[in-house]
Peer 1: 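The structure that follows is given in the form of C-alpha cells.
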Amino acid sequence: MSNVYELLLRHPTLFTANTTILGSEARFPAGWVDLLKQEQVHVATPDLQTAEAYQTALSADRVQFGVPDIAAMSGRKVIILWPKAKAAGQALVSMLGHVTDNCYIVAANDAGGKSIGNAVKPFAESSTKIDSARHCSLWNVQLSKTDQAPNWLRFASSFKAGDLSFMTLPGVFGHGKLDRGTALLLEHVPAPAHGKLLDLGCGSGVIGLTMKARCNALDVTLTDVDAMALRSTELNSARLALETSIAASDGLKSVEGRFDYIFSNPPFHQGKRTDYEFAARLFQDAKRHLNRGGQLWIVANRHLAYEEWATEAFQNAKVMVQAEGFKLICASDGALL
C-alpha cells in the first residue's frame, strides 16, 4: 500500500465532489477507495495501472486515463501525487496556475517530498508544508497566476537518434536525450527486412520508429503503460511520417496477436529500489506473442542477470553485445543470429 495515500487519509476534509486526485499510484491502503467513492472524488492519471486499479472501484466517468487535461481542472481542488520526474511535476504546477489559485502536493520524502517548496518556487506565490507522516510530506501551494494557456508541448524536449529527431514530453523515459541502452541496441541490431515488430514499453518510440524508418516494409506496433509516452510516440510518428500502431498496455497484458520480433528496454528501477517484475513477466509472457522462430531482444543493465530468466523461458538465449554498462540479450526458440 502507498504511504502517500495514508498521509492523505489524515485530511478527509480535502475530499469532495470538486476534488481531483492527479497522479500515479495503484497501491491503495484500507479505506482509501471507500473515501473517494463516498465523496465522489475524480481521478486523473497518465498511468494505465493506476487507472485500471481505480476503474474496478469507481465509476468510469470519474477516472480519466491519458495526458492530464489541465483545462478541465479549472476551479477544482487538485491534489497532485508528485511524479518521479521533477520536470513533470513542475510542468503540472506551472500550467495549473492558469486555471486555479492553489493546489495540494504530496510525495514520499525520498522522492522529493521534503523539497517540494523549492521545486515549485518558480511557479508559486507561497508554499506551506501542512503535514508530515509515514515518511511523506503534504504541501499547500498558492500558485502564481499565468496567462499562458496549458500546453504540454511547451515542456517538451528534443534529441537526435542517428539521422532522426525525436521529442519527449516531461516524465517520459529518456526525456530530452537518447539513453545509452537504446543507443547500443540501435547501433548493433539492424532493422529486420520484413515481418511484425513490437516495441514494448516504447517510451517516445525511438526503437520501433527507427526500425520502421530503416525498413518501411515492417509492420510496427508500439505500446506503453504511460499516456505521456504514448502521446510522445504519436507525435514522433506523425512528425516522421511513419505509419504505425500505437496502444496502451501494461506489459503484454493488452497486446493481441503474434510478432516476429519484440524489442524492449524495460524499466529496472521503481523509485530507489530495483524492480524485476516487468522483465520477469516479459520473459514468461513473450513466447505466446512470438511467431515460430520469433526473437525477443532486451536491453538490460549489465549487472542484471536477465539472461538466466531468458534461458529458463526459451530454448536459446545469448548476450549478443555488452558495452557502456549495458548488454543486449536475444532469446528465441529458433536459431539466433
Side-chain angles (χ1 to χ4, degrees), residues 24 46-47 83-91 111 152 155-191 197-214 220-237 239-240 242 244 246 249 251 261-279 282 296-307 310 319-331:
S24 304
D47 176 57
K84 288 184 290 185
K86 180 179 175 181
Q90 291 177 319
W152 282 101
F155 304 93
S157 293
S158 299
F159 63 92
K160 296 279 287 187
D163 296 330
L164 303 179
S165 176
F166 293 87
M167 59 77 62
T168 54
L169 296 175
V172 177
F173 173 70
H175 180 51
K177 62 181 180 181
L178 178 64
D179 74 281
R180 292 180 297 164
T182 297
L184 187 68
L185 186 150
L186 296 179
E187 178 184 354
H188 291 279
V189 183
L197 183 151
L198 172 65
D199 182 353
L200 182 65
C202 61
S204 55
V206 179
I207 295 174
L209 293 176
T210 298
M211 294 296 179
K212 179 70 173 179
R214 291 175 178 176
V220 175
T221 298
L222 305 100
T223 67
D224 205 286
V225 73
D226 177 28
M228 303 294 282
L230 294 171
R231 179 63 61 82
S232 298
T233 298
E234 290 170 353
L235 293 169
N236 287 324
S237 182
R239 291 168 67 243
L240 297 169
L242 296 171
T244 60
I246 302 168
S249 181
Y261 306 91
I262 297 177
F263 287 87
S264 186
N265 184 355
F268 64 92
H269 279 145
Q270 190 66 261
K272 291 190 174 183
R273 65 182 176 84
T274 302
D275 177 28
Y276 302 102
E277 182 181 352
F278 183 95
L282 175 55
L296 170 65
W297 284 86
I298 295 289
V299 178
N301 190 281
R302 195 169 189 168
H303 75 274
L304 299 174
Y306 284 176
E307 59 268 33
V319 175
M320 308 299 282
V321 180
Q322 195 161 216
E324 299 286 327
F326 291 88
K327 56 190 173 186
L328 300 181
I329 301 169
C330 183

Peer 1: Taking side chain as C-beta onward, heavy atoms only, is L178 less than 4.5 Å from F166?
Peer 2: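 L178 vs F166: side chains apart.
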Peer 1: May I ask you to test the F159-V206 pair for a side-chain heavy-atom distance under 4.5 Å?
Peer 2: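 Yes; the side chains approach each other to less than 4.5 Å.
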Peer 1: Going from CG on L222 to OG on S249, what distance comes out if it is rounded to the nearest 0.5 angstrom?
Peer 2: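 These two atoms lie 12.0 Å from each other.
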Peer 1: Hey, does L328 have a side-chain heavy atom less than 4.5 Å from the side chain of L184?
Peer 2: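 Heavy-atom side-chain distance check passes, below 4.5 Å.
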Peer 1: Heavy atoms only: give me the nearest S24-D47 pair and the separation to one decimal.
Peer 2: OG-CB, 3.2 Å
Peer 1: How close do S232 and L169 get, counting heavy atoms only, and between which atoms?
Peer 2: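 Reported closest heavy-atom pair: OG-N, 3.1 Å.
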Peer 1: How close do I246 and S237 get, counting heavy atoms only, and between which atoms?
Peer 2: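 Residues I246 and S237, closest heavy atoms: CD1-CB, 4.2 Å.
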Peer 1: Once rounded to the nearest 0.5 Å, what's the spacing between atom CG of L164 and atom OG1 of T210?
Peer 2: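 Interatomic distance, L164 CG to T210 OG1, rounded to 0.5 Å: 5.0 Å.
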Peer 1: Taking C-beta and beyond as the side chain, do K327 and Y306 meet within less than 4.5 Å on heavy atoms?
Peer 2: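 With C-beta onward as the side chain, the pair stays apart.
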Peer 1: What heavy-atom pair brings G176 and S157 nearest, and what distance separates the two atoms?
Peer 2: CA-CB, 3.5 Å
Peer 1: Might you point out which heavy atoms bring L209 and N236 nearest each other, and give the distance in Å?
Peer 2: CD1-CB, 3.6 Å
Peer 1: Return the OG to NZ distance between S158 and K177, rounded to the nearest 0.5 Å.
Peer 2: 15.0 Å
Peer 1: Look up atom CG in L242 and atom CE in M211, then write down how far apart they are to the nearest 0.5 Å.
Peer 2: 13.0 Å
Peer 1: Please check: side-chain N/O of D179 versus main-chain N/O of T182, any donor-acceptor pairing under 3.5 Å?
Peer 2: yes
Peer 1: Donor-acceptor check, side chain of T233 to backbone of G203, threshold 3.5 angstrom: yes or no?
Peer 2: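 Looks like yes, one N/O pair under 3.5 Å.
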Peer 1: For the atom pair CD1 (I298) and CG (L282), what is the distance rounded to the nearest 0.5 Å?
Peer 2: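 Atom-to-atom, I298:CD1 and L282:CG are 4.0 Å apart.
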Peer 1: For residues D199 and T221, determine if any side-chain heavy atom of one lies less than 4.5 Å from a side-chain heavy atom of the other.
Peer 2: no
Peer 1: Would you call F173 and D224 a side-chain contact if the rule is heavy atoms closer than 4.5 Å?
Peer 2: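 Contact flag for F173/D224 side chains = no.
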Peer 1: What distance do F326 atom CZ and N265 atom CG have between them, rounded to the nearest 0.5 Å?
Peer 2: 7.0 Å
Peer 1: Measure across A191 and R214 and return the closest heavy-atom pair with its distance rounded to 0.1 Å.
Peer 2: CB-CB, 3.6 Å
Peer 1: Measuring only between side-chain heavy atoms, which start at C-beta, is M320 closer than 4.5 Å to H188?
Peer 2: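 Heavy-atom side-chain distance check fails, nothing below 4.5 Å.
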